[in-house]
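Notes for the one structure printed next.
As the structure is a prediction and not an experimental result, all values here were calculated from the model.
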Amino acid sequence: MRRAFPRFLSSTLFIWVAFIVLFVFSGTIRHGFLDWDDNHLLLNNPHYRGLAWVHLKWMWSTIEGGLYIPLTWMSFGLDYLLWGMNPAGYHLTNVVFHAMNAAALYFLSLFLIKRANPDLVYGEDTPFRLAAACAALFFALHPLRVESVAWVTERKDVLSGFFLLVSTLIYLRGLEGARWRSGRLALSAAFYALSLLSKPTALFIPVVLLALDVYPLRRLPMNPREWFTKERWFLWKEKGGFILIALVFTIVGLFVVARKGGTPSLEDYGIIPRLAQTFYGTGFYLLKTIVPSGLCPLYEYPKQVGFWNHPLLLGGTFFAVANGLFYVFRRERPWGLITWVSYLAFLAPVSGLFQRGPQMMADRYSYLASIGWSVVLGGAVVTTWLRRTENPWARRRAALVLVLAITGVPALGMLSIRQMKVWRNSEALWSYVAARTPASFVANYNLGVVMLHEGKPWAAVAPLKRALSVMPDVLDIYNNLGVAYFSLKQHKRAIYYLSHAARLNPYLAEPFYNLGNAFLAMERPQDALECYEKAADNNPRFAAAHKKRGVVLSRMERNAEAVEAFQSALRLRPEDPETEDLLRGAVIKMNDRYGVCLLRSAPRTTAVRWTEDSVRTLFERGRSEGTECKRIGVLLRLRRALSLFEGLEGNGGSTLCGNG
């Protein structure tokens, strides 16, 4: 009975691993969407909302966001059907997939650790299960995972990781039995394709599988020259499907880059900076894995990128030294070289060689690359513990490793919980990044925009000005600064910044519209009218510009033009009650001829409402003024309006025709 409970506990460790991961990351379920990709990919994107044919067609043909990820879009579509636009459901899906990845990594680690230590596999396998649980928890609870889990848009990391881990497990299990070998290989390749359809990060998985054949599977010798013999040809045939799938998705990736752009050319970003960034990244992720401090959602480029930069020089030196050490000790410590090669294979698609976006590195890029180091950590735990009786040093080493494992895993969980607070909302995110990198244009600009959206213009000015000091000729900064000062009723400053924005690009509508608002607040109607007209010319479908143009024209007693402007606004936005009220007021000031024009261009119900309200207003105005002349004028207008109304009724609700 005393042995039954530990055996039961060890056989259900993967469930406990998943539960711990769910518990630690459950705090993200209370987070919202972010003004960083979440806004334009999810909040303002209606195309993914459902799994109907029209949605699936868009998902499987779009490269929105610069990647071909139809399965990730399908997961978002399912989220929408389940949760609508409630961010809690989207975050829950991310957490669940991450917990399943931890459970899958538990089984993968258990398999690899046992294969790596065949001399230690005997009797009870509880030590190996504990080591596998340690590896899975080290991977899943590490603060570097927070970005991939807490950011809804990065669903692609956890989804791609899930399919890749399942694919690798099926592949490794398929090697054990000849009966289902071919079927399992085909199933494994299918899951690999699903992984690439979620995010094309694991393009070099054939390299990883070859590395595993060397160690711990020991199906290939350490010397690559001996890999291409006739006796080992079957190993290459096993990976044929994976290689073919990787080639197809490489071609798709090149097409996406050519179609979508976003990757700098060699002229703009040469081969030396790319290599420097790649070398620095390999050391950066490994260092952050060992010492997870100073993590940041955005690591921007330095002003100059090259081997002469101090950190990049260190990165290049580390890369060279690491390659040399792992190669020299490949016989005594084969796990080192194999893990290093797998690490580089996972990092290659997200390294500086294929750079996209403003980031030099990103925590999320380590999601798959850190798997190998986690397995190595689990292997170190079990080997030091099972060999603790060999000598006194082995006992001390085992005790040290045991203490580190017991204290390290909870410490990583606490660090992840703290890091999750950075991602709770847009203000927390960009405030944190701006505080860590005060010279960051992206962080300061996004923080200013977030403050504007949250109705805090006083808090938006400072970060926007810091962004302006970094990049002084960006139109959006001047436009947003103008909007902030307008909200603060500092209209002269608003006019200064908005005028500068309009000069930077005279073919955009928004700066002229905002400038018109500032002029109108300063009681300069003619300047405001010119700005609204320019905005409407630049974007004829800008309903707000037409409406504001009508407001100014109405103030200037140019009622006919005001009616035309309000009608243009209503044609673009038919269900705007404020514009209807403004149009009704303009009609009251006009004669019957324009009333006929109104009836000709408006829907029947709207026209009748405008006519009745206008006539009632005119009649009440004439009665209150009390002069016979005015009353006669009112009666004449009333008679004319009623005749139009009867004509409208007689035509069965159709619009009127003729010259009026």
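- Inspection of the Tyr171 and Lys239 side chains reveals an N or O donor paired with an N or O acceptor under 3.5 Å.
- Between the CG atom of Leu164 and the CD1 atom of Ile371 there is a distance of 6.5 Å, given to the nearest 0.5 Å.
- Side chains of His91 and Ser26 form no contact here, defined as non-hydrogen atoms less than 4.5 Å apart.
- Ring geometry for Phe284 versus Tyr280: interplanar angle of 30 to 60°, hence tilted.
- Under the 3.5 Å distance criterion, with hydrogens and angles disregarded, a donor-acceptor pair is assigned to the side chains of Arg129 and Tyr106.
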*asked:* As a quick check of understanding, evaluate salt bridge (charged side-chain N to carboxylate O under 4.0 Å, His left out) for Arg184 and Glu238, giving each step before the final call.
replied: CA-CA 11 Å; Arg184 287 183 177 179; Glu238 286 179 356; over 6 Å; no
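- Judged by distance alone, with hydrogens and angles left aside, the side-chain atoms of Tyr48 form no donor-acceptor pair with the main-chain N or O of Asn45 at under 3.5 Å.
- Leu344 is listed as a side-chain neighbour of Phe319, based on a closest heavy-atom distance under 4.5 Å.
- The two atoms that bring Val152 and Phe76 nearest to each other are O-CZ, 3.5 Å, heavy atoms only.
- Side-chain contact between Ile69 and Met59 is absent, with no heavy atoms from C-beta onward closer than 4.5 Å.
- Atom CZ of Phe204 sits about 13.0 Å away from atom OG of Ser342, to the nearest 0.5 Å.
- Rounding to the nearest 0.5 Å gives a distance of 8.0 Å between CH2 of Trp236 and CG of Leu220.
- Using a 4.5 Å heavy-atom cutoff, the side chains of Leu295 and Leu144 are in contact.
- Aromatic ring pairs are classed by plane angle as parallel below 30°, tilted from 30° to 60° and perpendicular above 60°; the pair Phe162 and Phe97 is perpendicular.
- Between Leu22 and Ala99, the closest heavy-atom pair is CG-CB, 3.7 Å.
- In terms of heavy atoms, Leu165 sits closest to Asn101 at CD1-O, 3.5 Å.
- Judged by distance alone, the side chain of Thr278 and the main-chain N or O of Ser351 form no donor-acceptor pair under 3.5 Å.
- A donor-acceptor distance shorter than 3.5 angstrom exists from the side chain of His98 to the backbone of Ala140, with no hydrogens or angles considered.
- Considering every non-hydrogen atom in both Leu368 and Gly161, the closest pair reads CD2-CA, 3.8 Å.
- Between the side chain of Thr339 and the main chain of Gly336, no donor-acceptor pair closer than 3.5 Å is present.
- For the pair Met222 and Leu337, the minimum side-chain heavy-atom distance is below 4.5 Å.
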*Could you check Ser160 against Leu196 for side-chain contact (heavy atoms from CB on, under 4.5 Å), going step by step and ending with a plain yes or no?*
CA-CA 7 Å; Ser160 173; Leu196 296 181; over 6 Å; no
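- Here the closest non-hydrogen pair linking Arg436 and Cys296 is NE-CB, 4.0 Å.
- Taken from CZ in Arg155 to OG1 in Thr93, the straight-line distance is 4.5 Å, to the nearest 0.5 Å.
- With Trp423 contributing its side chain and Val146 its backbone, the two residues share no donor-acceptor pair below 3.5 Å.
- In this structure, Phe163 and Phe191 have tilted ring planes: the angle between them lies in the 30° to 60° band.
- With hydrogens and angles disregarded, a donor-acceptor distance shorter than 3.5 Å links the side chain of Lys288 to the backbone of Ser293.
- Taken from CD1 in Ile205 to CG in Leu212, the straight-line distance is 7.5 Å, to the nearest 0.5 Å.
- No more than 12 heavy atoms of other residues, nucleotides or ligands sit less than 6.0 Å from atom CZ of Arg333.
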_Using the rule given for side-chain contact (heavy atoms from CB on, under 4.5 Å), can you reason through Tyr285 versus Ser370, listing the C-alpha separation, both sets of side-chain angles and the distance that settles it, and then say yes or no?_
CA-CA 8 Å; Tyr285 297 118; Ser370 64; over 6 Å; no
*Take Ile63 and Leu67, measure what side-chain contact (heavy atoms from CB on, under 4.5 Å) needs, and give me the verdict at the end.*
CA-CA 5 Å; Ile63 53 174; Leu67 293 172; over 6 Å; no
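- Between the side chains of Ser188 and Arg173, no donor-acceptor pair is found at a separation under 3.5 Å.
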*With salt bridge (charged side-chain N to carboxylate O under 4.0 Å, His left out) as the test, would you mind laying out the steps for Asp363 and Arg145 before giving the verdict?*
CA-CA 7 Å; Asp363 293 350; Arg145 308 291 92 78; over 6 Å; no
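- Around the CH2 atom of Trp60, the shell of radius 6.0 Å holds more than 12 heavy atoms that belong to other residues, nucleotides or ligands.
- A heavy-atom distance below 4.5 Å is found between the side chains of Thr282 and Leu347.
- Other residues, nucleotides and ligands place no more than 12 heavy atoms under 6.0 Å from the CZ atom of Arg418.
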*For the pair Phe138 and Thr289, evaluate side-chain contact (heavy atoms from CB on, under 4.5 Å) and give the outcome as yes or no after the intermediate values.*
CA-CA 10 Å; Phe138 177 80; Thr289 299; 3.9 Å; yes
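- Using a 4.5 Å heavy-atom cutoff, the side chains of Val252 and Pro200 are not in contact.
- Ring geometry, Trp340 versus Phe318: the interplanar angle exceeds 60°, so the pair is classed perpendicular (tilted spans 30 to 60°).
- In this structure, the side chains of Leu172 and Leu112 come closer than 4.5 Å at one or more pairs of heavy atoms.
- For Ser148 and Asp157, the side-chain atoms include at least one donor-acceptor pair closer than 3.5 Å.
- The shortest non-hydrogen separation linking Thr72 to Ser75 is O-OG, 2.6 Å.
- Remark: Arg364 fails to qualify as a cation-pi partner of Tyr367 under the 6.0 Å distance and 45° angle criteria applied to the six-membered ring.
- For Arg330 (side chain) and Leu325 (main-chain N/O), no donor-acceptor pair under 3.5 Å exists by modelled atom type.
- We find the CD1-NE2 distance between Ile290 and His142 to be 9.0 Å, quoted to the nearest 0.5 Å.
- Using a 30° and 60° split on the angle between ring planes, Trp58 and His47 fall in the parallel class, below 30°.
- Between the side chain of Tyr192 and the backbone N or O of Ala202 there is at least one donor-acceptor pair closer than 3.5 Å.
- Side-chain N or O atoms of Trp151 include one that pairs as donor or acceptor with a backbone N or O of Trp36 at under 3.5 Å.
- For the pair Arg331 (side chain) and Phe329 (backbone), a donor-acceptor distance under 3.5 Å is absent.
- The six-membered or imidazole ring of Tyr215 lies away from that of Trp335, with a centre-to-centre distance of 6.0 Å or more.
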